[in-house]
Amino acid sequence: MISAITHILRLARAGYVFAREGVFGFADPSAMPPQAQFAVRMARLIERRGAASSGKLSRALTRLGPTYVKLGQFLATRPDVVGVAMARDLENLQDRLPPFPQAQAEAVVADAFGKPVAQVFASFGEPVAAASIAQVHRAEIEKDGVRKTVAVKVLRPNVGGRFRRDLGDFMFAARQMEAVSAEARRLRPIEIVDTLARSVAMEMDLRLEAAALSEMAENTRDDPDFRVPTVDWDRTSHHVLTMEWIDGIALNDRAKLEAAQIDLPDLGRKVIQNFLRHALRDGFFHADMHPGNLFVDDSGRLVAVDFGIMGRLGPKERRFLAEILLGFITRDYRRVAEVHFEAGYVPAHHSVENFAQAIRAIGEPIHNRAADEISMAKLLSLLLEVTGLFDMRTRPELIMLQKTMVVVEGVARGFDPKLDIWTTADPVVREWIARNLGPVGQIEGVVHGAGDLGKVLAGLPTIAARSVAVLNQFDAMTRDGLVLSPETVEAIGKAEAKRNRWQTLALWVIALTFLGILWTIRQ
């Protein structure tokens, strides 16, 4: 009970901030039921002057603190959930906070390694960047009398408690929304909060970011034009990550790129091809590839930093991506439709022919445009929009891929506005298909399938024994009945009555807080 009241009060405060910043201005009351129209009108009465300008949702989330900033950044990757207008508003949300004091950072380092900072680093400078979870310092280490510059990422003190509290509020709201809305159940807000919580938990253990760096370093060790910083594992812990300092030119510094006579169109092609190669070949990609996280080193290679947000695609998702891209390139819309059904993304009761017709409506306009006007990211966005008409449940990994592709395309076309995305992507896609869907891939698939079959056969005795035990228990239940004591029945009744009272109150508060946003999702 106390927990429910606490969630409600904190969510009500968030709703007040949203209302003051004009967030409910996104809502179209005409598309709402009377109760929701009333809630939105009441919320709009307390808008502050000037709240109608752009960036209203970003401002509200920034006011509410770092967890809400993370939520906004995550929802910017989910236009299927918050709508295109909100997603665009959130794209400008910056995860930038004032740095915490140098003394606190040094205390975190000393506590992490059990000795003073001076014994860990030869020098430890002031912070050069600060965000909601951690900040970065420039430092030096000394080995064999030689000093080397490193980047040291330090976790904010006591950041975990604030995130746990706010994420608990988000989960409470998600459960109430799924309880009352079929559309919310399709969009799966509980899964969204779960994904956000896992992402934040991983970001708050810097050893996991170090592991992501290490994994991508292995994946790309033979790539001629991409690399990542090396990790100093001896100076890395739960709260501290030490890695190579990158002296390259950031991709958001165009003046320096031009002064260094970097081939900008070629740089744009490298960004696109490396991203697709990581997604298709490795199934593991950097999901925050904005220009500030990408550098060009002295040898012309791309160097990525900040591995707090990563995306993964399993074999099924990679095959899905490769085949639909190739299907659109070759105008084989039926094959694109079949791939959706084969992957189990679209329920079998729908018509493949009707789905192929819907996909044709997306693909044909592409072939009537110049190559530099075609956006692969927009195509995937339209595809995910159309699949909603055919009951395709949201695929978070594909949405993250699509959103990252929007950023990657933007970076690439910033260097070459006439960039032909399809021609650039074609060799990477065809190489993956030839390798994985050609003869070699088919043979490997058979071998892998035989291994899986062997595991199943080896486990049959255990499965049989468990089945017999379950059948015996079921037989006993059907013979003797499942009996609950009067005390148990009474306790269940009281608990259910209490739950219903608080759920009703929670639903009204959350309706006032979020319903205006929820009803704009599919407009």
Side-chain angles (χ1 to χ4, degrees), residues 1-29 32-52 55-75 78 81-83 86 89-90 93 132 159 161-181 183-185 187-190 192-194 196-197 200 497-521:
M1 180 176 71
I2 300 298
S3 178
I5 293 174
T6 303
H7 288 315
I8 291 167
L9 291 176
R10 287 201 292 253
L11 290 169
R13 174 183 174 271
Y16 174 78
V17 173
F18 287 153
R20 286 287 291 162
E21 293 297 336
V23 172
F24 292 100
F26 282 113
D28 177 11
M32 302 179 187
Q35 299 93 330
Q37 291 183 23
F38 175 77
V40 170
R41 290 195 181 101
M42 291 299 99
R44 300 211 65 184
L45 288 177
I46 61 173
E47 279 185 16
R48 65 176 180 79
R49 289 186 178 182
K56 58 187 80 171
L57 184 53
S58 297
R59 285 196 304 271
L61 293 170
T62 301
R63 282 188 56 189
L64 288 167
T67 318
Y68 282 83
V69 170
K70 282 293 179 187
L71 175 65
Q73 290 181 314
F74 182 75
L75 290 178
R78 299 298 303 273
V81 173
V82 298
M86 282 191 185
D89 184 272
L90 290 169
L93 186 62
S132 57
V159 69
R162 173 67 181 270
F163 273 89
R164 282 191 294 272
R165 187 195 77 183
D166 290 339
L167 287 168
D169 295 340
F170 299 164
M171 182 57 73
F172 179 80
R175 286 177 178 142
Q176 307 312 316
M177 286 191 283
E178 286 204 12
V180 298
S181 169
E183 176 67 2
R185 286 190 291 275
L187 295 171
R188 300 189 283 186
I190 290 177
I192 290 171
V193 177
D194 271 335
L196 175 63
V200 168
K498 185 183 295 184
R499 187 185 71 84
N500 287 338
R501 286 198 301 272
W502 286 109
Q503 186 179 54
T504 300
L505 177 59
L507 291 175
W508 275 106
V509 174
I510 291 170
L512 290 172
T513 306
F514 292 111
L515 198 54
I517 296 176
L518 181 62
W519 278 96
T520 62
I521 286 173

Note to self: If you compare all heavy atoms of Gly65 against all heavy atoms of Arg162, which two are closest, and at what distance to 0.1 Å?
What the structure shows: CA-NH2, 3.7 Å

Item checked: CG on Leu71 to CG on Asp169, rounded to 0.5 Å -> 11.5 Å

Margin query: For Leu9, run the side-chain contact (heavy atoms from CB on, under 4.5 Å) check against Thr6, Ile5, Leu11 and tell me which one passes.
Written below: Ile5

Note to self: Restricting to ring-ring contact (aromatic ring centres under 6.0 Å, His included), what partner residues turn up for Phe170, sequence neighbours left out?
What the structure shows: Tyr68

Checklist line | Straight-line distance of Leu196 CG to Phe163 CZ, nearest 0.5 Å | finding: 8.5 Å

Next item on the list: Give, for atom CD of Gln176 and atom CD1 of Ile190, the distance between the pair rounded to the nearest 0.5 Å.
Entry: 9.0 Å

Notebook entry, point to check: Considering residues at least two apart in sequence or located in another chain, which fulfil the side-chain hydrogen bond (donor to acceptor under 3.5 Å, both in side chains) criterion with Arg165?
Noted result: none

Next item on the list: Drop me the distance from Thr67's OG1 to Arg164's CZ, to the nearest 0.5 angstrom.
Entry: 10.5 Å

Notebook entry, point to check: Is there side-chain contact between Met171 and Asp194, with at least one heavy-atom pair below 4.5 Å?
Noted result: yes

Next item on the list: Check side-chain hydrogen bond (donor to acceptor under 3.5 Å, both in side chains) between Arg63 and all other residues, then give those that pass, not counting sequence neighbours.
Entry: Glu21

Checklist line | Heavy-atom pair of closest approach, residues Ala19 and Glu47 | finding: O-CG, 3.2 Å

Check: What distance do Asp166 atom CG and His7 atom NE2 have between them, rounded to the nearest 0.5 Å?
Finding: 11.0 Å

